[in-house]
Amino acid sequence: MQAQEIHAAIRTVKREIARWPDPVVGVVARQSGRDPFLVLISCLLSLRTKDKTTAEASERLFALAVTPATMQTLTIPIIERAIYPVGFYRTKAKQIQQICAQLLERYQGRVPDKIDELLTLPGVGRKTANLVVTVGYEKPGICVDIHVHRISNRWGYVKTKSPDETETALRAKLPRKYWITFNDLLVPYGQHLCQPVSPLCSQCKIAAYCDRVGVTKSR
DNA sequence: AAAACGGGGGC
DNA sequence: GCCCCAGTTTT
């Protein structure tokens with residue numbers, strides 16, 4: 001994909017994803033008025049976990065508590081039962097308690113809006129931190145998850161080996177006006193059409209610009 | 001049986 | 001850089 005073709009590609013993806021349901025974090029953000037705390041927790045739950053599983057777990061957990069102060073009072077077994085069976089549910093239950101405690105202790109129960117501060121919280125890496133900044137606070141950031149990494153490379157827009165490298169490359173190349181929403185666009189596209197294995201290239205309206213890097217079989 | 005799931009942390 | 005975390009669904 002040529003640099004100038006990114007505009008048409010993004011426009012097309014934006015139109016196409018309207019056919020599919022929002023990813024969980026987007027739903028949580030919309031329903032809560034972009035509550036950064038709920039964005040943070042639902043993002044944590046989503047790591048290595050299918051969207052549908054994350055949605056059910058978030059619903060159960062948020063029925064019990066929606067603020068750091070109240071969520072901190074939940075016991076580990078209660079949290080584990082609520083979020084099961086998301087990936088690494090035991091680790092995440094502990095991290096949720098620790099996150100709540102640290103938010104109350106260090107930030108008066110508020111979620112930081114700076115990447116560096118978010119990265120000090122347990123279980124929060126670059127993907128989660130950038131998602132909180134972009135979705136929760138609508139501030140400039142590039143959230144690179146496995147979908148953004150895979151599709152950016154498949155298009156040939158960047159040539160990188162890891163999500164962290166992809167973030168660096170996109171910060172240098174992707175026009176700033178797309179930073180905040182790039183992840184929101186590519187995640188549903190990756191979930192429903194541009195999947196890891198046998199993507200639906202015959203239905204893809206940007207196949208003309210796509211280099212199909214790493215695509216061996218498609219449908 | 002293996003890959004995939006919107007990674008992160010400890011070493 | 002390598003390995004671990006963890007259970008469910010899809011191929």
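Order of the sequence lines sets the chain letters (A, B, ...), proteins ahead of strands, with each chain counted from 1.
Here L131(A) lies in heavy-atom contact (under 4.0 Å) with a base. Residue contacts shown for Q191(A) include a base, since a base heavy atom lies under 4.0 Å away. Among the heavy atoms of the strands, none lies under 4.0 Å from L45(A). Using a 4.0 Å heavy-atom cutoff across all strands shown, P85(A) reaches sugar-phosphate atoms only and no base atom.
A residue-by-residue look at V197(A) and G87(A) shows that G87(A) has its nearest nucleotide of DNA chain C further toward the 5' end. For T49(A) and S198(A), each mapped to the nucleotide of DNA chain C holding its nearest heavy atom, the one lying further toward the 5' end belongs to T49(A). For the pair P122(A) and V24(A), nearest-nucleotide mapping onto DNA chain B gives the more 5' position to V24(A). Summary of the strand contacts: K50(A) and L119(A) both lie near DNA chain B, and taking for each the nucleotide with the nearest heavy atom, the more 5' one is attributed to K50(A).
The C1' atoms of dG6(B) and dC3(C) are separated by 22 Å, rounded to the nearest whole Å. Nucleotides dC5(C) and dA4(B), compared at atom C1', are 16 Å apart to the nearest Å. Taking atom P on both dA6(C) and dC11(B), the two are 16 Å apart, rounded to the nearest angstrom.
In this entry the distance linking NZ of K161(A) with C1' of dC2(C) reads 14 Å, nearest Å. Atom CG of D164(A) and atom P of dG1(C) are 11 Å apart (whole Å). Computed from coordinates, the I41(A) CD1 to dG8(B) P distance equals 14 Å when rounded to whole Å. Note: NZ (K92(A)) to P (dG6(B)) measures 10 Å, nearest angstrom. R219(A) has its CZ atom 7 Å from the P atom of dT11(C), to the nearest Å. Rounded to an integer number of Å, the gap from R48(A) CZ to dC5(C) C1' is 11 Å. Regarding L40(A), its CG atom lies at a distance of 16 Å from the P atom of dG7(B), rounded to whole Å. Atom NZ of K127(A) and atom C1' of dC5(B) are 11 Å apart (whole Å).
Both Y84(A) and V86(A) belong to a single network of hydrophobic side chains, linked directly or stepwise wherever heavy atoms of I, L, V, M, F, W or Y lie under 4.5 Å apart. L131(A) and I17(A) are assigned to two separate hydrophobic clusters, defined by single-linkage of ILVMFWY side chains at heavy-atom distances under 4.5 Å.
Across dG6(B), dG8(B), dG7(C), the shortest atom-to-atom separation from the side chain of C143(A) is found for dG6(B).
Base pairing analysis places dG7(B) opposite dC5(C); the two distances defining the Watson-Crick or G-U wobble pair are each below 3.5 Å.
Here N183(A) contributes atom CG and E167(A) contributes atom CD; the two are 11.0 Å apart, rounded to the nearest 0.5 Å. Atom CZ of R176(A) is separated from atom CD1 of I142(A) by 8.5 Å, given to the nearest 0.5 angstrom.
Distances shown here put every side-chain N or O of T91(A) at or beyond 4.0 Å from the OP1 or OP2 atom of dG9(B). Phosphate contact (OP1/OP2 of dA6(C), side-chain N/O of Y84(A), threshold under 4.0 Å): absent. Here T128(A) reaches the OP1 or OP2 of dG8(B): one of its side-chain N or O atoms lies under 4.0 Å away.
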Subject >> Derivation of the side chain to side chain donor-acceptor pair (under 3.5 Å) call for T54(A) and T49(A) >> reply: CA-CA 6 Å; T54(A) 306; T49(A) 305; 4.8 Å; no
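In summary, the side chains of S42(A) and S58(A) do not present any donor paired with an acceptor at a separation below 3.5 Å, with no hydrogens or angles considered.
In this model, a side-chain donor or acceptor of N183(A) finds a partner on the base of dG6(B) within 3.5 Å.
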